[in-house]
Amino acid sequence: MFLPKKVKHRKWHRGRVRGRATQKLDLSFGTYGLKALEARWVTSRQLEAARRAMTRFVQRGGKIWIRVFPDKPVTFKGNEIRMGGGKGSVDHFVAVVKPGMVLFEMDGVKADQARSAMRLAAYKLPVKTRFISRQTGANP
């Protein structure tokens with residue numbers, strides 16, 4: 001699982017996921033990518049599951065880049081806890097994903113193989129996604 005070595009503040013405010021992405025809009029490393037179409041929190045477990053699905057499908061061939069990292073702590077208070085008593089302890093970490101953000105990139109494999117691997121990864125994620133490639137910049 002992915003989690004940061006160190007965070008500036010142990011507990012963060014939840015905030016709201018609004019607007020479109022301004023960074024990570026285009027492919028930077030690979031030839032093929034998976035782009036988010038909606039805003040959502042993606043947990044470190046979901047990212048790891050998607051990475052494993054892609055790696056298994058290409059049988060450790062090619063190269064995979066993960067463009068997002070879960071660095072936002074999410075707190076949780078247990079069941080049957082009365083009101084008050086402060087904020088709960090950190091339970092897991094999430095990556096804030098906005099529409100237009102590239103989540104994964106892949107290189108060193110054929111287009112149909114990359115498309116199938118990205119489709120398997122997309123099943124593991126809570127956001128709607130689109131397969132993109134460097135040649136067309138959109139859905140090939």
Side-chain angles (χ1 to χ4, degrees):
M1 266 192 352
F2 304 109
L3 62 145
K5 289 184 182 132
K6 191 168 107 176
V7 289
K8 187 171 184 179
H9 299 287
R10 193 164 56 102
K11 298 175 182 179
W12 291 8
H13 290 223
R14 291 177 67 86
R16 286 187 298 200
V17 186
R18 295 169 56 180
R20 296 190 54 79
T22 56
Q23 299 176 341
K24 302 174 190 169
L25 299 173
D26 300 318
L27 297 173
S28 298
F29 306 103
T31 310
Y32 308 104
L34 195 66
K35 184 177 264 201
L37 298 179
E38 60 184 4
R40 194 73 57 91
W41 284 357
V42 179
T43 68
S44 57
R45 288 171 183 260
Q46 291 163 344
L47 287 171
E48 176 64 15
R51 184 197 65 77
R52 281 187 180 185
M54 280 193 295
T55 306
R56 284 212 180 114
F57 185 81
V58 297
Q59 296 162 349
R60 293 191 289 283
K63 176 106 173 96
I64 295 171
W65 289 270
I66 303 169
R67 296 285 305 275
V68 294
F69 187 80
D71 60 347
K72 182 186 181 82
V74 176
T75 60
F76 179 75
K77 288 183 80 162
N79 291 337
E80 301 177 8
I81 301 290
R82 292 188 176 187
M83 298 288 278
K87 196 172 170 77
S89 59
V90 174
D91 184 51
H92 61 278
F93 289 86
V94 297
V96 178
V97 172
K98 291 185 173 185
M101 193 177 281
V102 175
L103 304 176
F104 295 100
E105 292 188 30
M106 186 181 288
D107 202 2
V109 293
K110 295 178 183 165
D112 56 338
Q113 194 176 15
R115 181 187 292 275
S116 300
M118 295 284 186
R119 187 182 71 243
L120 290 175
Y123 289 149
K124 309 285 185 188
L125 298 172
V127 294
K128 290 180 185 174
T129 56
R130 173 173 290 143
F131 177 77
I132 59 171
S133 78
R134 193 175 290 278
Q135 289 85 6
T136 60
N139 204 355

Are side-chain heavy atoms of [X] and [Y] found at a separation under 4.5 Å?
{"X": "L3", "Y": "P70", "result": "no"}
{"X": "L125", "Y": "F104", "result": "yes"}
{"X": "F57", "Y": "R119", "result": "no"}

For [X] and [Y], indicate whether the former's side chain and the latter's backbone hold a donor-acceptor pair under 3.5 Å.
{"X": "K98", "Y": "R18", "result": "yes"}
{"X": "R40", "Y": "V97", "result": "no"}
{"X": "E105", "Y": "R67", "result": "no"}
{"X": "K11", "Y": "K87", "result": "yes"}

Item to check | Step-by-step side-chain contact (heavy atoms from CB on, under 4.5 Å) determination, V58 to M106 | outcome: CA-CA 10 Å; V58 297; M106 186 181 288; 4.1 Å; yes
Next on the checklist: Rounded to the nearest 0.5 Å, what separates atom OG1 in T43 from atom CE in M1?
Outcome noted: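 Nearest 0.5 Å value for the OG1-CE distance: 8.5 Å.
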Item to check | Rounded distance (nearest 0.5 Å) linking atom OG of S116 with atom NZ of K110 | outcome: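 If we round to the nearest 0.5 Å, S116:OG and K110:NZ are 12.0 Å apart.
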Same apolar cluster: [X] and [Y], side chain cutoff 4.5 Å:
{"X": "L34", "Y": "V94", "answer": "no"}
{"X": "M54", "Y": "L120", "answer": "yes"}
{"X": "W65", "Y": "M101", "answer": "no"}
{"X": "Y123", "Y": "L37", "answer": "no"}
{"X": "V42", "Y": "V74", "answer": "no"}

Check [X] against [Y] and note the closest heavy-atom contact, atom names and distance.
{"X": "G100", "Y": "R20", "value": "CA-NH2, 3.9 Å"}
{"X": "G61", "Y": "V109", "value": "O-CG1, 4.1 Å"}
{"X": "I81", "Y": "G78", "value": "CG1-O, 3.1 Å"}
{"X": "K124", "Y": "A53", "value": "CE-CB, 4.2 Å"}
{"X": "T129", "Y": "A122", "value": "OG1-CB, 3.3 Å"}

Checklist entry - So H92 and R45, side-chain contact (heavy atoms from CB on, under 4.5 Å) or not? Walk me through it. => result CA-CA 9 Å; H92 61 278; R45 288 171 183 260; 5.8 Å; no
Next on the checklist: Testing D26, V68, I132 one by one against V102 for a side-chain contact (heavy atoms from CB on, under 4.5 Å), which residue passes?
Outcome noted: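 Going through D26, V68, I132 one by one, the side-chain contact (heavy atoms from CB on, under 4.5 Å) with V102 is satisfied by I132 alone.
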Item to check | The single option from V127, L47, I66 passing side-chain contact (heavy atoms from CB on, under 4.5 Å) against L103 | outcome: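 Of all the options given, the one that passes is V127.
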Checklist entry - Taking 4.0 angstrom as the limit, do R51 and E48 come out as a salt bridge? => result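 Counted as a salt bridge, because a side-chain N and a carboxylate O are separated by less than 4.0 Å.
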Checklist entry - Given the rule in the side-chain contact (heavy atoms from CB on, under 4.5 Å) test, do W41 and V17 qualify, once you have shown the distances and angles that lead to the verdict? => result CA-CA 8 Å; W41 284 357; V17 186; 3.6 Å; yes
Checklist entry - With a cut-off of 6.0 Å (strictly less than), are more than 12 heavy atoms of other residues, nucleotides or ligands near NZ of K72? => result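 Above 12, so yes.
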Item to check | Centroid-centroid under 6.0 Å between F2 and F93 rings | outcome: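 That pair fails the under 6.0 Å test.
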